[in-house]
Q: 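First, the structure itself, so that you have it in front of you.
These numbers were taken from a predicted model, which means no experiment stands behind them.
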Amino acid sequence: MTTVQIARYVITFVWLYHGIFPKLIHIAPLEQLMTGSIGFSDDISYLITKAAGIGEVIFGLLFFVFL
């Protein structure tokens, strides 16, 4: 296994982990606080946080497949 492959796996894991656990499975209070601090309501903040988690998971999968 080359260094590039290991780096690709680590970067993919980080994107997937940060998309799944603090945003999709259980929303971390800090994640919702960040979107709420912009001025969004709690419901919209919840949806933005979930959408960000989905985006991070998709990016992680695309990074793994195409690079």
Side-chain angles (χ1 to χ4, degrees):
M1 187 176 296
T2 67
T3 306
V4 173
Q5 287 175 325
I6 293 171
R8 189 173 88 190
Y9 294 145
V10 168
I11 292 170
T12 299
F13 173 76
V14 168
W15 277 99
L16 291 175
Y17 178 83
H18 282 281
I20 293 171
F21 290 104
K23 292 181 183 80
L24 293 178
I25 291 179
H26 173 72
I27 293 182
L30 182 60
E31 297 288 345
Q32 200 161 6
L33 182 65
M34 285 189 293
T35 55
S37 69
I38 300 172
F40 295 114
S41 68
D42 288 341
D43 293 334
I44 299 298
S45 177
Y46 176 83
L47 293 174
I48 290 172
T49 304
K50 290 289 187 179
I54 292 168
E56 288 179 7
V57 169
I58 290 170
F59 182 80
L61 292 173
L62 290 174
F63 186 87
F64 180 74
V65 171
F66 291 114
L67 293 181

Q: Do any pairs count as a salt bridge (charged side-chain N to carboxylate O under 4.0 Å, His left out) and have a residue in residues 44-65, sequence neighbours left out, and if so which ones?
A: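 Matches after skipping sequence neighbours: K23-E56.
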Q: Let me check something: any side-chain donor-acceptor pairs from residues 7-19 under 3.5 Å, sequence neighbours excluded? List them with distances.
A:
from: R8; atom 1: NE; to: L67; atom 2: O; distance (Å): 3.4
from: R8; atom 1: NH1; to: L67; atom 2: O; distance (Å): 2.4
from: T12; atom 1: OG1; to: R8; atom 2: O; distance (Å): 2.8

Q: Name all pairs fulfilling the ring-ring contact (aromatic ring centres under 6.0 Å, His included) condition that reach into residues 22-51, sequence neighbours left out, sorted by first residue then second.
A: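 Listed by first then second residue: nothing to list.
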Q: Is a donor on one side and an acceptor on the other found under 3.5 Å between the side chain of E31 and the backbone of A28?
A: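 Answer holds: no.
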Q: Drop me the distance from T49's OG1 to I44's CD1, to the nearest 0.5 angstrom.
A: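 CD1 of I44 is found 11.0 Å from OG1 of T49.
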Q: Would a single hydrophobic cluster contain both I38 and M34, if residues Ile, Leu, Val, Met, Phe, Trp and Tyr are joined by side-chain heavy-atom contacts under 4.5 Å?
A: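 Shared cluster, no.
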Q: Tell me every residue that passes side-chain contact (heavy atoms from CB on, under 4.5 Å) with S37, counting only those two or more places apart in sequence or in another chain.
A: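 So S37 forms no side-chain contact (heavy atoms from CB on, under 4.5 Å) with any residue.
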Q: Quick test of your reading: applying side chain to side chain donor-acceptor pair (under 3.5 Å), list the pairs with at least one residue in residues 58-67, sequence neighbours left out, ordered by first then second residue.
A: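 Of all non-adjacent pairs touching residues 58-67, none passes side chain to side chain donor-acceptor pair (under 3.5 Å).
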Q: Between I58 and L61, is there shared hydrophobic-cluster membership here, with clusters defined by ILVMFWY side-chain heavy atoms closer than 4.5 Å?
A: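 Same hydrophobic cluster.
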Q: Enumerate the salt bridge (charged side-chain N to carboxylate O under 4.0 Å, His left out) contacts for residues 39-48, please, sequence neighbours excluded, ordered by first and then second residue.
A: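 Qualifying pairs, neighbours excluded: none.
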Q: So, the side chain of S45 versus the backbone of T35: is there a donor-acceptor pair under 3.5 Å, distance only?
A: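 No; judged by distance alone, with no hydrogens or angles, the pair does not exist.
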Q: I'd like to know if F59 and F64 are part of one continuous hydrophobic network [Ile/Leu/Val/Met/Phe/Trp/Tyr, side-chain heavy atoms within less than 4.5 Å].
A: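 No; F59 is not reachable from F64 via cluster members.
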Q: Identify whether V4 and V65 are in the same connected component of the hydrophobic contact network (ILVMFWY, side-chain heavy atoms under 4.5 Å).
A: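 No, because V4 and V65 fall into different hydrophobic clusters, even though each may have its own neighbours under 4.5 Å.
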